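The structure appears right after this line, and notes come after that.
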Amino acid sequence: MAKAVKKQALGRGLSALLKDPENDINSAEDKNADKVVGNIIELELESIEVNPFQPRTSFNEETLQQLATSIKELGVIQPITVRKLDFNKYQLVSGERRFRASKLIGLKTVPAYIRIANDNESLTMALVENIQRQDLDPIEVALSYQRLIDEINLTQEQLSDRVGKKRSTIANYLRLLKLDPIIQTGIRDGFISMGHGRALINIEDTQVQLEIYEKVLSNALSVRETEALVRALNSDEDIKTPIGKKSGTPEYIKDGIQDFAEYFGAKIDVKVSSRGSGKLIIPFASEEDFKRIKKLISSEN
């Protein structure tokens, strides 16, 4: 306990040092910089501004309130990280949830690590630390990777070294940004997973991509079912019209498809080419469901 009090007092002492205009520290070479950089210091919340480079764009209010309750009981266990902008003025590098939760319960100060960095260094630190530590959704991760590539001029190989991820993993995230914005929003909001998104990327036609996305939602398709649907769609270039697309579907299919659906106990997909040929796709949810459908077909022979 005594050790913890001593550490807290040290943080307050360094905080007073930072408020002394004669000891303003702006670089690692300045006097007393070694006492500040890398140490935990109690900073006033009003002297800290949020980071414009923060990749997280939404904060769940319920979980934020839970964190605030925890901080009220136990204090801020993990210090935030800031960079010095000017005299007694700082900017968040990481820890915005802790920062927001501390303000929520009316704290005046928060423990912080101070770094001295330019904008590029700050952007790199913010993005890398958030990618590694925070539960960003896949699109936020992808956007963070893209910013590091575009604004810091990193290659995917260099980015792989920075964030400790395989190059293939980074490439898979970046490919999500090729999806239609509506589908990207679906991933961010948790309607579909990253696996669904990776399957939908393989559809080049944006309109068809959106139609399959609607099918995934309406039928609660799994990732494997979505992959199978996309493979079937791409297996014949002449077959372009999913069942969800009403225009161009022959009347005899519209009249008969319900009979198939009732017989097999599943929503049947139909795709028709301009020549009049087509495919029926019977989805199944499990091995047992597959055997059930097989038995129905076999019983007709």
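Bear in mind the structure is a predicted one, so any value in this text is a computation, not a measurement. All values below were derived from every heavy atom in this structure, side-chain atoms included, with hydrogens, water molecules and symmetry-related copies excluded. Index from 1, following the sequence.
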Q.
Working note: Lys165 + Tyr145, criterion side chain to side chain contact (heavy atoms under 4.5 Å, CB included); need CA distance, chi angles, decisive distance, verdict.
A. CA-CA 11 Å; Lys165 301 288 184 181; Tyr145 286 155; 3.6 Å; yes

Q) Taking it one step at a time, do Leu107 and Lys72 satisfy side chain to side chain contact (heavy atoms under 4.5 Å, CB included)? A) CA-CA 9 Å; Leu107 291 185; Lys72 190 173 183 179; over 6 Å; no

So which atom in [X] and which in [Y] form the shortest heavy-atom distance, rounded to 0.1 Å?
X      : Y      : answer
Leu176 : Met194 : CD1-CG, 3.8 Å
Ser222 : His196 : C-NE2, 3.4 Å
Gln91  : Val50  : CG-O, 3.9 Å

Side-chain donor or acceptor of [X] paired with backbone N/O of [Y] under 3.5 Å:
X      : Y      : value
Arg98  : Pro79  : yes
Asp189 : Phe191 : no
Ser160 : Gln156 : no
Gln184 : Leu177 : yes

Transitive ILVMFWY side-chain link [X] to [Y], under 4.5 Å:
X      : Y      : answer
Leu210 : Ile139 : yes
Leu104 : Phe99  : no
Ile281 : Val223 : no
Ile183 : Leu174 : yes
Leu43  : Leu45  : yes

Q | CD1 (Ile105) with more than 12 external heavy atoms under 6.0 Å | A |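 Yes, because the 6.0 Å sphere around CD1 of Ile105 holds more than 12 heavy atoms from other groups.
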
Starting at [atom1] of [X], measure out to [atom2] of [Y] and round the result to the nearest 0.5 Å.
X      : Y      : atom1 : atom2 : result
Lys108 : Glu46  : NZ    : CD    : 7.5 Å
Ile203 : Ile212 : CD1   : CD1   : 5.0 Å
Glu211 : Leu200 : CD    : CG    : 12.0 Å
Glu214 : Asn219 : CD    : CG    : 11.0 Å
Leu229 : Arg224 : CG    : CZ    : 16.0 Å
Ile192 : Leu179 : CD1   : CG    : 7.0 Å

Could you check if a side-chain atom of [X] sits within less than 4.5 angstrom of a side-chain atom of [Y], using non-hydrogen atoms only?
X      : Y      : answer
Val76  : Ser102 : yes
Arg167 : Ile170 : no
Tyr113 : Ile80  : no

Q.
So, using side chain to side chain contact (heavy atoms under 4.5 Å, CB included) as the criterion, who are the partners of Lys89 when residues are at least two apart?
A.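 Side chain to side chain contact (heavy atoms under 4.5 Å, CB included) check on Lys89 returns Glu49, Leu85, Asp86.
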
Under 3.5 Å, which donor-acceptor pairs link side chains of residues 61-70 to any protein atom two or more places apart or in another chain?
residue: Thr63; atom: OG1; partner: Asn60; partner atom: O; Å: 3.0
residue: Thr63; atom: OG1; partner: Asn60; partner atom: OD1; Å: 3.4
residue: Thr69; atom: OG1; partner: Gln65; partner atom: O; Å: 3.0

Q.
Just to verify, what does Arg100 make a salt bridge (Lys or Arg N to Asp or Glu O under 4.0 Å) with, not counting sequence neighbours?
A.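 Residues passing salt bridge (Lys or Arg N to Asp or Glu O under 4.0 Å) with Arg100: Glu96.
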
(Q) Do Glu44 and Thr109 pair up side chain to side chain, a donor and an acceptor below 3.5 Å, judged on atom types alone? (A)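 Side chains of Glu44 and Thr109: no pair found under 3.5 Å.
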
